[in-house]
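The structure appears right after this line, and notes come after that.
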Amino acid sequence: MPSITLPDGSQRHFDNPVSVMDVAADIGPGLAKATLAGRVNGELVDADTVLSSDAELSIITSRDDDGLHLLRHSTAHLMAQAVKQLFPEAQVTIGPVIEDGFYYDFAYERPFTPDDLEQIEKRMSELVKQKIPIQRSEIGRDKAVEFFDGLSEAYKAEIIRDIPADEVLSLYEQGDFTDLCRGPHVPSTGHLGHFKLMKLAGAYWRGDSDNEMLQRIYGTAWANKKDLKGYLHRLEEAEKRDHRKIGKQLDLFHLQEEAPGMVFWHPAGWTIYQVIEQYMRDRQREQGYKEIRTPQVVDMSLWERSGHADKFGDDMFSVETDDRKFALKPMNCPCHVQVFNQGLRSYRELPLRLAEFGSCHRNELSGALHGIMRVRGFVQDDGHIFCTEEQIQEECATFIDFLHSVYEDFGFTEIIYRLSTRPAQRVGSDADWDRSEKALADALDAKQLDWKELPGEGAFYGPKVEFSLKDCIGRVWQCGTVQVDFSMPGRLDAEYVDAGGERKVPVMLHRAILGSFERFIGILVENHEGKMPLWLSPIQLKILNITDRQREFSEKLEKSLSDQGFRVETDLRNEKIGLKIREATLLRVPYMLVVGDKEVESGKIPVRTRDAVELEPMDLETLISGLKLELASRGRETLEG
RNA sequence: GCCCAUGUAGCUCAGGGGUAGAGCACUUCCUUGGUAAGGAAGAGGUCAUCGGUUCAAUUCCGAUCAUGGGCUCCA
């Protein structure tokens with residue numbers, strides 16, 4: 001008879017087989033009430049699962065991550081049940097758990113409306129009140145197909161048909177609704193309730209744009225009311241950091257209808273851009289890169305040879321003259337190969353690192369555009385390293401270190417690493433792909449980075465490592481990349497002479513750290529909530545006088561600071577100091593220097609930060625040296641100390 | 001490109017078949033005030049664009065463009 005071991009090591013003995021729920025009840029009625037499922041010998045099971053032999057058991061409640069996952073999954077089923085009751089003609093498809101919630105895709109004759117959403121949510125709450133038991137049953141594959149065909153659930157039946165015939169499937173039944181599901185689920189709908197339906201969207205069946213579009217409903221679900229409220233509040237706060245909102249507030253840039261997906265940079269935004277560009281230029285020089293500049297408009301034949309016209313022709317902006325067809329360059333690599341190809345290269349020149357702040361244009365699908373994160377005209381901090389096969393590993397390793405030190409200077413610590421491997425449509429031999437994929441994987445492993453593979457997501461000419469950052473609401477954006485390319489140099493006739501006097505084709509590494517200035521600045525703004533570190537702030541200091549009597553002193557102070565290279569402005573308007581401080585604070589100016597009669601007399605300057613911290617008045621030399629330290633350390637040391 | 005939503009003053013938004021309204025910003029005047037909004041007056045809009053319905057459209061309908069949320073795509 002079963003002897004159950006709990007996570008704390010204690011054991012309970014039973015004379016007869018017991019369910020997870022029985023054990024929970026044996027421990028205490030409170031726990032039984034909270035029980036959602038169990039983990040038996042490491043495997044997650046329903047609460048009514050019966051244990052007939054000795055086992056290790058942990059009771060799963062909504063406090064566990066597993067419990068929360070279950071809750072979300074069951075809420076997705078609850079939503080499906082509500083949808084089926086309200087719209088019997090709707091067909092169910094899939095409904096997985098995602099970060100913070102779930103979604104479910106339905107096929108229906110018309111799109112759901114926001115009103116429908118409200119109805120569905122209401123019905124869900126009613127079903128929760130009814131505390132409908134959720135029960136598992138098992139069924140053979142063919143029987144399952146028959147069952148769902150019988151319900152006219154064509155999508156479910158299609159999914160099941162793809163499952164091997166000898167597999168036993170599980171069904172979960174809650175009242176009038178039954179769904180195919182691996183489970184486990186919570187014992188009854190009564191355990192659910194802290195959810196909210198978030199948004200409606202279209203989504204292709206099986207993620208394929210050739211298929212019909214389904215109606216997707218996104219929802220969020222939490223263990224209790226407080227967590228749900230907390231989540232909604234966090235979302236609201238995060239939206240305040242949206243780069244489009246801050247871009248407007250701080251007058252950084254704008255976009256307009258006449259140039260969709262192209263950025264108009266304003267003085268403040270362009271200041272940030274230029275500081276970053278100069279920083280990257282300096283860092284790249286240190287790293288042995290040579291900066292170049294290549295044309296914007298290049299004959300289509302080059303893109304045909306490189307393979308881009310074939311794969312991306314539709315997305316290129318073309319320019320036709322009387323008898324020639326050109327394209328706005330969508331990327332820089334083929335142009336960099338042209339630079340490499342001038343003159344006969346020696347192996348002694350390798351690795352040759354060429355860099356360009358390369359302006360590119362791509363006619364992205366209209367629906368893909370997003371603020372300044374995904375645009376049609378952008379500038380890459382592009383670089384190509386021409387090297388021998390033996391040099392790949394070290395170049396990749398050096399590059400990864402370089403990237404890390406740059407990201408650190410900008411204040412990014414959370415980086416997502418992914419390795420994208422060979423896609424179906426590609427150029428180059430499998431042997432080349434084997435070698436280049438391994439080279440990248442080895443480089444990541446050598447740095448002991450936690451990376452994930454994205455099978456089939458590589459570029460058509462080679463595999464790539466992607467370095468991604470998150471925006472304010474957690475969306476992941478690729479910024480940096482390093483890619484190994486055995487194909488393009490050969491296609492574009494790049495050659496060098498090796499030590500033995502023989503002509504060889506070099507390997508090409510494509511790499512970027514920021515990715516594009518546009519996207520990187522967007523992410524940067526969101527991550528800092530617009531409070532850019534001193535070295536990146538468009539206006540670093542603002543001098544605010546109290547009355548006209550300090551006009552001359554203020555102007556002198558401005559000149560002293562500006563002579564030292566600081567970006568400083570003076571607000572001499574006939575306005576009250578409270579207003580001047582308010583406006584400078586809203587512009588996220590790091591330091592405000594308030595000048596009144598007292599300061600003119602003492603020569604000591606009080607500094608107020610954008611976070612309303614007031615520093616001890618200091619003399620000009622102290623201020624300047626403190627600011628310089630903050631700049632040089634890129635904010636690791638601050639004037640505040 | 002596909003699905004849904006949105007488009008009204010520089011910005012944030014309200015309104016609604018009879019040619020428009022608030023707050024902030026802007027301009028002028030008063031105020032020289034010590035740490036997040038001093039006061040008053042004024043100016044400002046082909047209600048995204050193009051068509052349709054109507055005696056009448058900014059409002060209803062359709063198309064287009066753009067933006068937002070997803071999907072797909074992302075060299």
Side-chain angles (χ1 to χ4, degrees), chain A residues 103 105 110-114 116-117 198-218 239 242 244-245 248-249 251 254-261 303 306-316 329-334 360 362-371 374-376 380 382 420 423 425 457-462 464 466 473 475 477-478 481 483 485 488 510 515-516 519 544-551 572-586 592-599 606-608 610 612-614:
Chain A
Y103 67 78
D105 287 347
R110 62 162 178 86
F112 292 124
T113 65
D116 294 337
L117 208 63
M198 302 297 286
K199 56 196 176 195
L200 289 161
Y204 298 109
W205 167 236
R206 301 205 144 172
D208 186 336
S209 58
D210 290 334
N211 288 343
E212 63 272 35
M213 185 151 274
L214 306 171
Q215 304 300 318
R216 176 170 297 179
I217 304 177
Y218 284 94
E239 274 160 19
D242 191 306
R244 292 162 294 200
K245 205 169 232 175
K248 223 172 249 173
Q249 288 165 353
D251 197 16
H254 86 270
L255 295 133
Q256 69 183 51
E257 282 202 25
E258 289 79 358
W303 311 111
S306 70
H308 291 99
D310 186 36
K311 187 147 195 302
F312 298 108
D314 291 346
D315 303 327
M316 286 163 67
K329 88 173 155 186
M331 44 146 31
N332 308 296
C333 356
C360 297
R362 297 176 185 173
N363 195 9
E364 303 282 7
L365 292 176
S366 57
L369 302 181
H370 180 98
R374 183 88 183 269
V375 285
R376 292 199 172 126
Q380 296 177 319
D382 208 356
S420 296
Q425 197 192 343
E457 298 289 314
F460 73 94
Y461 51 72
K464 59 177 180 182
E466 295 171 22
I473 61 168
R475 286 177 292 217
W477 297 90
Q478 183 199 312
T481 185
Q483 313 176 0
D485 183 354
M488 203 182 297
H510 306 245
S516 86
R519 176 175 297 180
L544 314 175
N545 65 333
I546 293 187
T547 74
D548 282 342
R549 286 193 299 280
Q550 303 90 36
R551 172 180 283 268
L572 293 170
R573 289 175 306 164
N574 172 15
E575 293 292 351
K576 291 198 170 159
I577 194 65
L579 183 87
K580 294 186 183 186
I581 286 173
R582 177 181 157 79
E583 292 188 350
T585 305
L586 289 174
M592 286 157 253
L593 315 179
V594 176
V595 176
D597 287 338
K598 211 164 53 182
E599 286 69 34
V607 178
R608 180 188 162 114
R610 56 192 163 194
V613 176
E614 291 183 37

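Because the structure is predicted, anything quoted here is derived from the model rather than measured. Throughout, protein chains are lettered first and strands after them, A, B, ... in sequence-line order, and every chain is numbered starting at 1.
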Which is true for [X] with a 4.0 Å heavy-atom rule: it touches a base, it touches only sugar-phosphate, or it touches nothing?
| X | result |
| --- | --- |
| A:Gly578 | sugar-phosphate |
| A:Leu579 | sugar-phosphate |
| A:Arg573 | nothing |
| A:Arg216 | sugar-phosphate |
| A:Ala459 | sugar-phosphate |
| A:Gly371 | sugar-phosphate |
| A:Leu586 | base |
| A:Tyr218 | sugar-phosphate |
| A:Ser209 | sugar-phosphate |
| A:Pro260 | sugar-phosphate |
| A:Asp208 | nothing |
| A:Arg362 | base |
| A:Ala201 | base |
| A:Tyr461 | sugar-phosphate |

Confirm from the modelled atom types if [X] and [N] form a donor-acceptor pair under 3.5 Å, side chain to base only.
| X | N | value |
| --- | --- | --- |
| A:Glu599 | B:G34 | yes |
| A:Tyr204 | B:G70 | no |
| A:Asp597 | B:G34 | no |

Calculate the interatomic distance between [X] atom [atom1] and [N] atom [atom2]; express it in whole Å.
| X | N | atom1 | atom2 | value |
| --- | --- | --- | --- | --- |
| A:Glu457 | B:C74 | CD | C1' | 10 Å |
| A:Arg374 | B:G68 | CZ | C1' | 16 Å |
| A:Glu575 | B:U27 | CD | C1' | 13 Å |

Measure from the side-chain heavy atoms of [X] and tell me the nearest of [options].
| X | options | value |
| --- | --- | --- |
| A:Lys311 | B:C11, B:G33, B:C74 | B:C74 |
| A:Lys199 | B:U12, B:G69, B:C73 | B:G69 |
| A:His370 | B:U35, B:G69, B:G33 | B:G69 |

Checklist entry - Between A:Asp242 and A:Arg244, is there a side-chain N and carboxylate O pair less than 4.0 Å apart? => result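 Yes, charged N to carboxylate O under 4.0 Å.
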
Which value, in whole Å, describes the distance between the [atom1] atoms of nucleotides [N] and [M]?
| N | M | atom1 | answer |
| --- | --- | --- | --- |
| B:G44 | B:G62 | P | 36 Å |
| B:U64 | B:U6 | C1' | 16 Å |
| B:A20 | B:U49 | P | 16 Å |
| B:U59 | B:U8 | C1' | 11 Å |
| B:A22 | B:A14 | P | 16 Å |

Checklist entry - So what does the secondary structure string of RNA chain B come out as, 5' to 3', with Watson-Crick or wobble pairs under 3.5 angstrom, [ ] for crossing and | for pairs with another strand? => result (((((((..((((....[..)))).(((((.......))))).....(((((..]....))))))))))))....

Item to check | Pairwise side-chain contact, A:Trp205 with A:Glu212, heavy-atom cut-off 4.5 Å (strictly under) | outcome: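 SC-SC contact between A:Trp205 and A:Glu212 confirmed.
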
Item to check | Given RNA chain B, 5'-ward residue of the pair A:Phe312 and A:Met213, judged by closest heavy atom | outcome: A:Met213

Checklist entry - Do side-chain atoms of A:Arg216 reach the backbone of A:Ala201 as a donor and acceptor pair under 3.5 angstrom? => result no

Item to check | Check: A:Arg376 side chain, A:Leu369 main-chain N or O, donor-acceptor pair, under 3.5 Å | outcome: no

Checklist entry - OP1 or OP2 of B:U67 less than 4.0 angstrom from a side-chain nitrogen or oxygen of A:Arg244, does that happen here? => result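 Checking A:Arg244 against B:U67: no side-chain N or O falls below 4.0 Å of OP1 or OP2.
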
